[in-house]
Novice: 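Starting off with a structure, shown below.
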Amino acid sequence: YVTSTTDRGIQSIVIHTIEGSVADAVAIFQNPSSKKSAHYVVGYDGAVIQMVQDKDVAWHAGTFNAQSIGIEHAGYAAQNYWTTAEYVKSAELTRWLCLTYAIPMDREHILGHSEVPDATHTDPGTYFDWVYYMALVKEEAAVPSIPFKAMEVTASVLNVRTGPSTSYSIIGTVKNGQRYVAVAESGGWYKIYYKGNVGW
């Protein structure tokens with residue numbers, strides 16, 4: 001769903017999560033009755049699909065639509081499924097858009113859906129690593145550490161602890177099939193974001 005225009009003065013980029021898969025987003029955006037769209041969709045594997053031409057207004061951020069480019073990402077705002085490939089390819093796209101349309105590479109002009117005026121959404125969510133993402137966009141020499149990849153729990157149940165050994169306190173559990181992104185590793189233990197905190 002788009003509004004056609006020839007010169008709309010692109011000033012910002014809005015980062016979204018799909019609340020589902022790339023296929024979910026594509027299906028919704030190809031259905032005019034949904035009255036939803038975004039310019040690009042990025043998958044867990046880093047694949048990028050353009051859904052709306054940059055010159056056209058996509059319907060993704062309310063009153064912010066006219067001046068922005070929308071980038072959707074596979075995943076969920078409340079779940080830590082972000083992958084390295086997703087971050088890297090999205091950041092490459094954002095950097096290219098900034099250079100193409102003279103958009104400043106800062107958090108005033110590259111923002112989350114939750115940060116647009118009159119926002120009613122929470123994406124990209126608390127697990128989105130803005131420090132890492134912006135370092136990639138700016139191609140900074142010292143990019144901070146990055147999650148290795150989205151990892152799936154294969155045991156039936158695992159304890160989540162405050163530190164990387166069984167001597168640390170248990171703060172909860174994760175179950176088979178759940179996925180988390182490791183943000184650090186120590187002796188075979190992986191550090192994850194867990195219910196608003198970090199755990200191992």
Side-chain angles (χ1 to χ4, degrees), residues 12-22 24-25 28 36 38 40-46 60-64 68-95 105-138 140 143-153 158-164 168-186 189-200:
S12 55
I13 297 167
V14 180
I15 304 298
H16 301 264
T17 50
I18 293 166
E19 298 304 310
S21 68
V22 169
D24 293 332
I28 291 169
K36 295 178 182 178
Y40 298 91
V41 181
V42 182
Y44 289 133
D45 61 356
H60 64 101
T63 59
F64 222 57
S68 64
I69 294 278
I71 306 177
E72 288 279 0
H73 298 80
Y76 303 85
Q79 297 176 10
N80 193 14
Y81 283 10
W82 293 92
T83 67
T84 302
E86 193 172 19
Y87 275 118
V88 169
K89 291 304 180 181
S90 175
E92 287 178 1
L93 171 60
T94 292
R95 179 176 178 81
M105 294 182 198
D106 59 36
R107 288 284 284 114
E108 182 179 344
H109 297 86
I110 303 169
L111 63 164
H113 193 184
S114 61
E115 299 170 315
V116 303
D118 304 316
T120 59
H121 292 253
T122 61
D123 58 309
T126 57
Y127 296 112
F128 186 74
D129 190 336
W130 280 107
V131 173
Y132 175 66
Y133 188 75
M134 293 304 297
L136 286 173
V137 170
K138 296 175 186 178
E140 293 179 351
V143 175
S145 61
I146 171 58
F148 302 119
K149 59 182 178 179
M151 303 178 74
E152 185 170 322
V153 179
L158 286 176
N159 290 324
V160 179
R161 297 178 180 270
T162 56
Y168 287 89
S169 301
I170 297 172
I171 59 174
T173 59
V174 292
K175 297 179 181 179
N176 183 273
Q178 291 181 315
R179 302 177 75 217
Y180 295 88
V181 176
V183 296
E185 188 271 340
S186 178
W189 290 75
Y190 294 94
K191 185 178 183 180
I192 63 172
Y193 289 107
Y194 180 77
K195 295 185 177 180
N197 296 298
V198 293
W200 294 81

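These numbers come from the heavy atoms of this one structure, side chains and all, not from hydrogens, waters or symmetry mates.
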Novice: Sub-3.5 Å donor-acceptor pair from the side chain of Ser21 to the main-chain atoms of Asp24, do we have one?
Specialist: yes
Novice: If every non-hydrogen atom of Thr162 is compared with every non-hydrogen atom of Trp200, which pair is closest and at what distance?
Specialist: O-CD1, 3.6 Å
Novice: Is it true that a side-chain atom of His121 and a backbone atom of Ser114 form a donor plus acceptor pair closer than 3.5 Å?
Specialist: no
Novice: Check the pair Val160 / Tyr168 against side-chain contact (heavy atoms from CB on, under 4.5 Å), numbers first and verdict last.
Specialist: CA-CA 9 Å; Val160 179; Tyr168 287 89; over 6 Å; no
Novice: Using the six-membered ring wherever Trp is involved, compare the ring planes of Tyr133 and Tyr87 and label them parallel, tilted or perpendicular (cut-offs 30° and 60°).
Specialist: tilted
Novice: Which distance, rounded to the nearest 0.5 Å, do you find between the CE of Met105 and the CD of Glu140?
Specialist: 11.0 Å
Novice: So which heavy atom on Gln79 is nearest to which on Tyr127, and how close?
Specialist: C-CD1, 3.6 Å
Novice: For a quick test of reading the model, state the closest non-hydrogen atom pair linking Pro117 to Thr63 and the distance between them.
Specialist: O-OG1, 4.1 Å
Novice: So do the side chains of Trp189 and Arg161 get within less than 4.5 Å of each other, counting heavy atoms only?
Specialist: yes
Novice: Between Arg95 and Val137, what is the shortest heavy-atom contact and its length?
Specialist: NH1-O, 2.8 Å
Novice: Taking side chain as C-beta onward, heavy atoms only, is Val22 less than 4.5 Å from Tyr44?
Specialist: no
Novice: Check Ser12 against Leu111 and note the closest heavy-atom contact, atom names and distance.
Specialist: CB-CD2, 4.1 Å
Novice: Give the minimum heavy-atom separation between Thr17 and Pro124, together with the two atoms involved.
Specialist: CG2-O, 3.5 Å
Novice: Return each pair, listed once, that meets salt bridge (charged side-chain N to carboxylate O under 4.0 Å, His left out) where at least one residue sits in residues 69-93; pairs must be two or more places apart or across chains.
Specialist: Lys89-Glu92
Novice: Output the distance between atom CG (Asp123) and atom CD (Glu115), rounded to the nearest 0.5 Å.
Specialist: 10.5 Å
Novice: OH of Tyr40 to NE2 of His60: how many Å apart, nearest 0.5 Å?
Specialist: 11.5 Å
Novice: To the nearest 0.5 Å, tell me how far Asp45 CG sits from Thr84 OG1.
Specialist: 12.5 Å
Novice: With side chains defined as the heavy atoms from C-beta onward, is the minimum distance between Asp129 and Trp82 less than 4.5 Å?
Specialist: no
Novice: Rounded to the nearest 0.5 Å, what separation is found between the CD1 atom of Ile170 and the CG atom of Leu158?
Specialist: 11.0 Å
Novice: Say you draw a straight line from OG1 of Thr94 to NZ of Lys138; how long is it, rounded to the nearest 0.5 Å?
Specialist: 12.5 Å
Novice: Going through the distances and angles, do Phe64 and Asp118 end up as a side-chain contact (heavy atoms from CB on, under 4.5 Å)?
Specialist: CA-CA 9 Å; Phe64 222 57; Asp118 304 316; over 6 Å; no
